[in-house]
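Computed from heavy atoms alone, side chains included, the values below leave out hydrogens, waters and symmetry copies. Note that the structure is a prediction, hence the values are computed from the model and not measured.
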There are 4 protein chains.
Amino acid sequence: MRSKNRPSGRTFADEARRKQIVECAVEVIAEEGFAQASLARIAQRADVAKSVVHYHFANKDELVEQVLMAVSMASAALLPERMAAAGGARDKLRVAIETIAEFVDGNRTYALAGLETWNQTRSLPGRLRLVEDPASAGVEDIRRLLAEGQARGELGEFDPHVVAVMFRQAVDAITLEAAIDPNADLKAFATQLVAMFDRVISP
Amino acid sequence: MRSKNRPSGRTFADEARRKQIVECAVEVIAEEGFAQASLARIAQRADVAKSVVHYHFANKDELVEQVLMAVSMASAALLPERMAAAGGARDKLRVAIETIAEFVDGNRTYALAGLETWNQTRSLPGRLRLVEDPASAGVEDIRRLLAEGQARGELGEFDPHVVAVMFRQAVDAITLEAAIDPNADLKAFATQLVAMFDRVISP
Amino acid sequence: MRSKNRPSGRTFADEARRKQIVECAVEVIAEEGFAQASLARIAQRADVAKSVVHYHFANKDELVEQVLMAVSMASAALLPERMAAAGGARDKLRVAIETIAEFVDGNRTYALAGLETWNQTRSLPGRLRLVEDPASAGVEDIRRLLAEGQARGELGEFDPHVVAVMFRQAVDAITLEAAIDPNADLKAFATQLVAMFDRVISP
Amino acid sequence: MRSKNRPSGRTFADEARRKQIVECAVEVIAEEGFAQASLARIAQRADVAKSVVHYHFANKDELVEQVLMAVSMASAALLPERMAAAGGARDKLRVAIETIAEFVDGNRTYALAGLETWNQTRSLPGRLRLVEDPASAGVEDIRRLLAEGQARGELGEFDPHVVAVMFRQAVDAITLEAAIDPNADLKAFATQLVAMFDRVISP
DNA sequence: TATGAATGAGGGTTCATTCAT
DNA sequence: GATGAATGAACCCTCATTCAT
């Protein structure tokens, strides 16, 4: 199994196949749900044999991990850059919400797959996590951003942990909104979220 | 199958067994995850044969439905009464959050099982819902409460739908907090949530 | 188990229950097929508990045996008397066909249940027969009737065994005809059968 | 599942395994009865895992369908050709009976499996048929043959439907004769059947 | 008498995984 | 690189049967 023996020495073709399979997994998960996303179903969608999936991924867990990775990559593509460009903590939070909403809007499949997968593989006591929370930009990062904003006097009084957690929940809410109603106006939804968080963290 | 022949005329003993099995299902779901909660695993926990579960429940869906019911019952026991007793919309929201946090705190297993089950059975396009969202007290109810508060001039300017959605997310957040950290101080968490929502909806 | 301990000392009520259950079994078998006729389904139809069936019958085989018996009894009620009243072998055969057709016509449920049950319990090498062929009045009896008719010079030349076998098949054909087409004119069908057999066995 | 992806593009080896499994199913059905022919039992006889059967057949119905097909193929191999070669209707009927008897004689397992399967899957009101009656060469075909013979003046007076039905019953009778007595002289049995039908349909 | 409750064996089916080619 | 074939474990479910009450 290449993926185990020389993790960094993969062929281009290799890499392409992997990406294709992950892509198909994302689609199946988003459209039919995580529970329905069997290897057979994914392979069928990729129009390859079931064993091809096992040739490229050591086991299903690795594929799921890559799905999470792929979604994480895709969603976080613009985020750091844009947040860095933003002025203060308030602006950064606004930009984060808007960017994520924009991403979800343009990549509903990825977003929904990420949420589905994340929910189904959430760390339960005893169950090991595969990767870090992909879609939420990291609760801890946000918490720190908020705490620093408070320290700088830019933000008002509130519990940074709770607000950071609710930020992650807001991200999920955007995706859920998209899943429930394919015609939902996510931009407007995001605007209202920004307004809400702004009211919470303003001095 | 009693559950088919006389759905409303169940024996005490019958009902007791059903409750016991539902209880075991709740525990397995909470501790090992919905996907791991096979009938075999649940029966094993109840220390009965697999077929006993089928004797008391027509099929797995009925059992899952009862799990959702049980959680819903348990969580909603005090909520309506307390909310009715509360003064205005702000107070009602505060009471709701505090009551739910109190419930989750005292019934972490139930709360987590509810969230797990709810996530796994969430309506995907094409998938039918069994029962209404149990843990969240109904987004629509909250939205109406908020909208009426605004109409009365009691509350400020904000999008009632978005805030209602975030209220549901807050409820989930409480449960997740409890799941992630068994020692989490949910009362404090709830207090901060109340503060946050209060800032959002105040005039 | 009464039915085992004192086979001839059954209560009236006992006997009535048995008959009722057998009757329900007949109906279920005829309407839904032998394979679908589980004890649960039969008990449900009789509006009694599944265990009641086991109280009155040692096991399922005994119930099936009784079904075969009941059908046999019902179908053979008039046959011997009418055949005895008939003149020669040709007349006896005619009367037999007509009587059976009449019975099937008036008791399609019984007839179909008999055929279904008989087919499913037919003696395979290794499998023991429960009772003798109920619906067909006995191939051997017919063979003897035919052979004696030949010996007496009343009938022509033909193989009594083959014709007897085909007589049994004719009986089944009547039932099948009724099963396939609920509006089939069995009387006419029987008339044609009589004509056919008459041509075969006439001198 | 090959059988789903490319139904007409099966490998040789694939086809061989399918044939082997069908063959084993035929044997189990013939020797132990249709009701006893579970996938486990069939797989056991084929000396493969139960899941192998599911790899080659989508479900049990497809396997049963193939059993019916196989029996049908085998039994009808020579029939059309030989009947076409026969002169008139009387000759065709004679050839049909003799050919079928010959087939049953040389393929008792197939014949019995066909009869068992056919009986168990016979259309009850509400039950769908998988394929057409395999073993009986089609009642309707025979009826037409007879009616045309009558129209041509080649045959005498009789009900073509009833005689066609009895022809099918004769075919079953041959198989049953073989099942009841492994040493039965089917050739002689067929000869007598031919004589019988000849007497019926001759002018 | 009657039955509610329980059970183990077995049913068909799906699945992730392995392996020879 | 790729895959067809096979597998065993586990899944949900049905069944005839038993037994205490």
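Across all strands shown, F/dA20 forms a Watson-Crick or G-U wobble pair, both distances under 3.5 Å, with E/dT3.
Here D/Tyr55 does not reach the OP1 or OP2 of F/dA6: none of its side-chain N or O atoms lies under 4.0 Å away.
Rounded to whole angstrom, the span from the CZ atom of D/Arg18 across to the C1' atom of F/dA6 amounts to 16 Å. Rounded to whole angstrom, the span from the CD1 atom of A/Ile42 across to the P atom of E/dT14 amounts to 17 Å. Between B/Gln36 atom CD and F/dA9 atom P the separation is 18 Å, expressed in whole Å. Rounding to whole angstrom units, CG of residue C/Asp47 and P of E/dG4 are separated by 11 Å. Per the geometry, CZ belonging to B/Phe34 stands 13 Å off C1' belonging to F/dC11, to the nearest Å. Between the CG atom of A/Leu39 and the P atom of F/dT3 there is a distance of 15 Å, rounded to whole Å. Regarding A/Phe57, its CZ atom lies at a distance of 16 Å from the P atom of E/dT18, rounded to whole Å. Rounded to an integer number of Å, the gap from CG of A/Asp61 to C1' of E/dC15 is 14 Å.
With contacts defined as side-chain heavy-atom distances shorter than 4.5 Å, the pair A/Gln36/A/Val28 does not qualify.
Summary of the strand contacts: C/Ser51 and C/Ala37 both lie near DNA chain F, and taking for each the nucleotide with the nearest heavy atom, the more 5' one is attributed to C/Ala37. In terms of position along DNA chain E, the nucleotide closest to D/Arg41 lies nearer the 5' end than the nucleotide closest to the other residue of the pair A/Lys50 and D/Arg41. When the nearest nucleotides of DNA chain F are assigned to C/Ala40 and B/Ser38 by heavy-atom distance, the more 5′-ward of the two goes with B/Ser38.
Salt-bridge formation is not detected for the pair B/Arg45/B/Glu23: no Lys NZ or Arg NE/NH1/NH2 atom is positioned less than 4.0 Å from an Asp or Glu carboxylate oxygen.
For the residue pair D/Asp14/D/His56, the side-chain donor-acceptor check at 3.5 Å is satisfied. With no hydrogens or angles considered, no side-chain donor-acceptor pair links D/Glu27 and D/Tyr110 at under 3.5 Å.
The side chain of B/His54 approaches F/dC13 more closely than any other nucleotide in the set E/dA16, E/dA5, F/dC13. Distance from the side chain of A/Lys60 is smallest to E/dT17 among E/dA6, F/dC19, E/dT17. Side-chain proximity of C/Asn59 to F/dC12, F/dA6, F/dT17: nearest is F/dT17.
By the 6.0 Å and 45° rule, D/Lys50 does not stack over the aromatic ring of D/Tyr55.
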